[in-house]
Amino acid sequence: MEAPKSFLFSMLLFLISIIHKPSLANEVYNVVKLGAKSDGRTDSSKSFLDAWTAACRSTGSPTIYVPPGRYLLTHALFSGDNCKNTAITFRIDGTLIAPSDYRVIGNIKNWIKFEQVNGVSILGGILDAQGSALWACKSKGPNCPLGATSLEFGNSEHVVIQGLTSINSQMFNIVISGCQNVNIQGVKITSPGNSPNTDGIHVTSSTGVTITRTAIRTGDDCISIGPGTSNLWIEQIICGPGHGISIGSLGRDFKEAGVQNVTAQTVTFTDTENGFRIKTWAKPSNGFVRGIHFQQATMINVDNPIIIDQNYCPHEQGCPHQASGVKISDISYEDIKGTSATQVAVKFDCSKEKPCSGIVMENVNLSYRNKAARSSCSSADGSARGVVQPSSCL
Ligand SMILES: *[C@@H]1O[C@H](CO)[C@@H](O)[C@H](O)[C@H]1NC(C)=O
Ligand SMILES: *[C@@H]1O[C@H](CO)[C@@H](O)[C@H](O)[C@H]1NC(C)=O
């Protein structure tokens, strides 16, 4: 009877081992357990990268956990090369800080970068790039590093950024470049109104990006949209200070992908330089902008609430015919109210060579110091419906 007994025993062990096997779906890689220090002074990059490597190898839905505290990260590149996992979550209860010496990351473009990843979510967390010394350098003269983007996703898909806060970025706060299916929500971005080039969120060459419930105070565009962007949805945004929501600058290059199917709605702009802007270089290009819907916005003391500027040519250099080749069509402005800080509240300054067409304005009511504002049109064609104040020049 020896054999059956030991057989039963090993069966029992086997069952226990199944029951007690940790669920692969719940693996947590705590960066502190991997050596990260929450003192804000010790470089913790290696622990973060080790957590990433482990999560990439795991077969479940791993979480990389960052407990409360301040973690110094020098350059951190999370690469999708050799990463089999497509469901990695960063849950961040702490603050990630960049080196206080801006030169460490000032010339390497990105502070934290995800490249060619699939299925990464970032939940919570504060990014503090400590950019103020670089801004001060830039205000004194031209011999400063360009500065790094705080967080970039490049050539990635199925990305979620939720509840993240970005402060004191050296340059752009968040860049989405060459991506598909990106969902940004509940994000907060804060830099001073005079901090140079600190765009809030820059989306370029990407499709299927949504940005919702996000508050952006910054020194440059709240949201800027580059060539090759399509199916972009922007909703419930608070913008200001800043330069507004901007498509462009486009048409810098002759051969350039267009921008199409962009909706921006339920936006409040406060004391911004622009509200909804489309901006192109005054030079030849095969680019285009079409199928854009700007709707349900409140403008509070905005310099240029509605503006298309196709005559961008800084220093008047490299713009031979002073006309933009970018064709702008099918653009609607609906339910937009509030106050302009300048008399020209609506300005369509389009290309002489490729006039704007299909601009639709409906229920727009903008005033200037309790008086009527003005609108100004050049090479712009379209129609107006309902209340349109200032009266349309289309
Ligand atoms: C436009 O983009 C939205 C997402 O922002 C998408 O749902 C819709 O299908 C797109 N429309 C077309 C015609 O591609
Ligand atoms: C436009 O807005 C102003 C200020 O809110 C308001 O007094 C005025 O009645 C509005 N005009 C129209 C035609 O709705």
Side-chain angles (χ1 to χ4, degrees), residues 153 156-162 174 176-187 201-214 222-237 245-247 257-271 275-276 278 288-306 327-346 358 360-375 383-394:
F153 277 88
S156 297
E157 51 190 319
H158 300 106
V159 171
V160 173
I161 303 173
Q162 191 183 318
I174 297 175
I176 304 297
S177 172
C179 293
Q180 284 174 37
N181 283 308
V182 177
N183 184 347
I184 299 175
Q185 54 171 298
V187 164
I201 302 175
H202 179 64
V203 180
T204 189
S205 304
S206 294
T207 188
V209 177
T210 66
I211 304 171
T212 55
R213 293 192 293 109
T214 286
C222 288
I223 297 175
S224 56
I225 298 156
T229 300
S230 61
N231 302 0
L232 170 62
W233 189 270
I234 296 168
E235 184 170 359
Q236 285 193 60
I237 305 296
I245 294 181
S246 189
I247 297 179
V259 171
Q260 63 184 326
N261 188 18
V262 175
T263 298
Q265 67 178 31
T266 325
V267 184
T268 302
F269 297 94
T270 306
D271 298 323
F276 296 122
I278 301 174
F288 61 85
V289 180
R290 63 182 173 233
I292 312 297
H293 309 283
F294 294 125
Q295 53 208 23
Q296 295 152 30
T298 303
M299 308 277 174
I300 303 167
N301 198 42
V302 173
D303 290 348
N304 307 292
I306 292 176
K327 172 68 185 174
I328 296 179
S329 61
D330 185 15
I331 314 291
S332 68
Y333 301 88
E334 236 176 273
D335 297 319
I336 297 172
K337 60 179 200 295
T339 56
S340 174
T342 66
Q343 196 169 22
V344 179
V346 177
V360 175
M361 302 192 74
E362 184 166 1
N363 298 331
V364 173
N365 182 1
L366 296 164
S367 63
Y368 167 63
R369 295 188 179 160
N370 296 320
K371 292 178 299 205
R374 284 203 305 118
S375 56
S383 58
R385 295 193 285 252
V387 174
V388 175
Q389 289 285 352
S391 51
S392 165
C393 54
L394 292 165

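Whatever order the structure lists them in is the order used to number ligands and atoms, beginning at 1. Just so it is clear, the values below take in all heavy atoms, side chains as well, and ignore hydrogens, waters and symmetry mates.
- Side-chain contact of Ser230 with Thr207: a donor-acceptor pair under 3.5 Å is present, judged by distance alone.
- Atom 7 (O) of ligand 2 is not flagged as protein-proximal [any protein heavy atom, distance under 4.0 Å].
- Distance check on atom 2 (O) of ligand 2: some protein heavy atom falls below the 4.0 Å cut-off.
- Between Gln236 and Arg213, the side chains place no donor N or O within less than 3.5 Å of an acceptor N or O (distance only, hydrogens not considered).
- Classification of the Phe269-Phe276 ring pair by plane angle, with boundaries at 30° and 60°, yields perpendicular.
- For atom 4 (C) of ligand 1, the nearest non-hydrogen atom of the protein is Asn231 O, 4.0 Å.
- When hydrogens are left out, the protein atom nearest atom 10 (C) of ligand 2 is Asn365 ND2, 2.4 Å; that is the closest non-hydrogen contact.
- Near Trp233, meaning under 4.0 Å from one of its heavy atoms, ligand 1 places the atoms 5 (O).
- The two residues Ser206 and Gly178 come nearest to each other via the heavy atoms OG-N, 3.2 Å.
- We find the OG1-CD1 distance between Thr214 and Ile201 to be 5.0 Å, quoted to the nearest 0.5 Å.
- Distances below 4.0 Å separate heavy atoms of Asn261 from the following atoms of ligand 1: 1 (C), 2 (O), 3 (C), 8 (C), 10 (C), 11 (N), 12 (C), 14 (O).
- Shortest non-hydrogen contact noted between Thr229 and Gly226 is OG1-O, 2.8 Å.
- Here the heavy atom of the protein found nearest to atom 13 (C) of ligand 2 is Val387 CG1, 3.6 Å.
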